[in-house]
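The structure appears right after this line, and notes come after that.
All ligand and atom numbering here is 1-based and tracks the order in the structure. Below, all heavy atoms of this structure are taken into account, side chains as well, without hydrogens, waters or symmetry copies. Small disclaimer: the values here were computed from a predicted structure and weren't measured.
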Amino acid sequence: MTVQLMPEIKPSAKMSPDQRGCRFCGQPLEHLVVDLGMSPLCQSQVEREDLNKPELFYPLRAYVCDRCWLVQVHEHVGGDDIFSHYAYFSSYSDSWLRHAAEYVEMITERLQLNADSHVVELASNDGYLLKHFVAKQIPCLGVEPAGNVAQVAKEQGIPVEVSFFGVETAKRLAAEGKRADLMLANNCLAHVPDLNDFVGGMKLLLASGGVLTVEYPHLLNIIEQNQFDTIYQEHYCYHSLLTLEKVFAHHGMKIFDVEEIPTHGGSLRIYVGHQEDAAKPVTAAVVEMRQREIDRGLTDLATFEAFAERVKETKWKLLEFLIEARRQGKRVVGYGAPGKGNTMLNYCGIREDLLDFTVDRNPFKQNSYLVGSRIPVYPPEAIDQMKPDYVLILPWNLRDEIVNQLSHIRRWGGQFVVAIPELEIC
Ligand SMILES: [Zn+2]
């Protein structure tokens, strides 16, 4: 008897159904980078009273544009839904706070900022960074869409404009005389649904001769270090230097300097000025980084295809470890409840049968449940009570910090596990 096979499903069936095309250049998106299955919004949580309710899952697929090489996911949910009550508070990571303090010292010196300068931070969160400018009596303003985190900043005396940033907000602030000598945007570019409106706003609000610094996880590291779990619905885009050069040029600006920084698994800090600002020549570092991205394949579809294979392998290895640990009667818990943890757990299909619970220092996340996986989130003390054999570090970018904080688990023979870039027990 011959078995009638299903008609072959062609790769084109997974072509982008989104007719709007690339978020920057409008080119139709035809190249799937990775398919992470169905996923709920990663930066939300399930409360106890909602445990009997359904959750919305969306296809989580990243595409790359073959004209400008922007890597992006589809927008299923608008920024309003995501960010109006955001649970991410910058101040719950010690290493991030240190990073912010060091940045303020460095940039104040480099740009000679003083009481006559004006600093604007986009996505100023809970004021983790601007408080250092307030302490130096350098006038500043935060722009933050999430009212609940903005409130925390305001209570510390930091001026905050609660709104989404874009051309409209920039025009209003500029009309109020709030142009920025220094504008900064740390780890928010990925969250921007309308990239052209956001960068267009930056152009309007940056003072003549002003400097914009932008920090973002470097696409080159996401690809080469297998950091696929940074892909989630709330992260619309994943950036290289060469693509952002095109984006800023389109809006009359130029990237004139770049630095590599260790945050978030390897980020870039770019320095941007107005295109016509002759006092800011493009440095050799920019030319070198652009060439490195080309040499390492960020303008080659084969690079993205190889990445997709590594992602599958990571899932299989993590599942093998967790299942084997269970079979041996070991107890495994998580540490942290970051958005990337939800991508990982949902993509791998990990539930409470493989991971008892996770913990988080942020009280807003404690005693709730992770989206999709419904794994409970407890305060960190739960680890001391249970004394697990393994602690799976979900925010692997904070690995060193967490291993230090939890070094006492060694006393009962506990070990740490990370899944990215590769499964490692340490
Ligand atoms: Zn494009």
Side-chain angles (χ1 to χ4, degrees), residues 11-36 58-79 122 165-167 185 187-203 212 214-224 227-228 230-255 258 267-268 270 272 275 282 286-287 289-308 311:
S12 59
K14 287 199 169 178
M15 260 179 60
S16 160
D18 191 332
Q19 299 307 308
R20 285 172 298 184
C22 171
R23 286 172 188 282
F24 168 54
C25 76
Q27 175 91 335
L29 295 172
E30 297 178 357
H31 305 287
L32 183 68
V33 175
V34 69
D35 185 345
L36 296 171
Y58 306 87
L60 182 53
R61 295 177 188 152
Y63 293 85
V64 64
C65 171
D66 61 11
R67 184 155 75 187
C68 72
W69 300 101
L70 182 65
V71 173
Q72 51 203 296
V73 301
H74 287 311
E75 181 180 344
H76 295 289
V77 184
L122 309 180
F165 185 76
V167 166
N187 297 304
C188 65
L189 214 52
H191 291 295
V192 172
D194 189 342
L195 189 58
N196 285 315
D197 183 57
F198 195 81
V199 176
M202 288 170 151
K203 171 74 181 172
L212 160 68
V214 183
E215 294 180 17
Y216 58 95
H218 191 188
L219 178 64
L220 191 63
N221 290 320
I222 294 175
I223 298 294
E224 291 189 343
Q227 298 164 355
F228 70 89
T230 61
I231 298 172
Y232 44 87
Q233 317 285 2
E234 296 94 322
H235 281 170
Y236 302 112
C237 296
Y238 307 83
H239 298 286
S240 58
L241 176 89
L242 60 90
T243 299
L244 279 183
E245 279 194 300
K246 295 182 180 128
V247 175
F248 282 108
H250 180 74
H251 292 278
M253 289 186 280
K254 64 181 173 192
I255 299 176
V258 60
S267 297
L268 293 186
I270 53 172
V272 184
Q275 193 68 264
V282 174
V286 173
V287 178
M289 182 58 73
R290 187 196 306 133
Q291 193 57 46
R292 191 196 304 177
E293 290 184 343
I294 294 166
D295 293 345
R296 307 258 278 264
L298 289 192
T299 54
D300 182 354
L301 290 172
T303 306
F304 299 100
E305 285 161 16
F307 171 68
V311 171

**Prompt:** At distances under 2.8 Å, what protein N, O or S atoms surround the Zn ion (ligand 1)?
**Reply:**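 Short answer, with waters excluded from the count: C22 SG, C25 SG, C65 SG, C68 SG.
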
**Item:** Positive for side-chain contact (heavy atoms from CB on, under 4.5 Å) with H239, one of L219, L195, I270, L268
**Value:**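 With H239 as partner, L219, L195, I270, L268 yield a single side-chain contact (heavy atoms from CB on, under 4.5 Å), made by L195.
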
**Option passing side-chain contact (heavy atoms from CB on, under 4.5 Å) with I223 (candidates V71, T303, V34)** =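 Only one option passes, and that is T303.
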
**Request:** Report the residues that fulfil ring-ring contact (aromatic ring centres under 6.0 Å, His included) with F24, sequence neighbours left out, ordered by chain and then residue number.
**Result:**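 F24 satisfies ring-ring contact (aromatic ring centres under 6.0 Å, His included) with H250 only.
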
**Asked** Does any donor atom in the side chain of Q227 or N221 lie under 3.5 Å from an acceptor atom in the other side chain?
**Response**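 No - no donor-acceptor pair under 3.5 Å links their side chains.
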
**Asked** Do C188 and F165 touch side chain to side chain, with heavy atoms closer than 4.5 Å?
**Response**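 No, their side chains stay 4.5 Å or more apart.
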
**Message:** I'd like to check L241 versus R292 (side-chain heavy atoms, cut-off strictly below 4.5 Å). Are they in contact?
**Reply:**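 SC-SC contact between L241 and R292 ruled out.
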
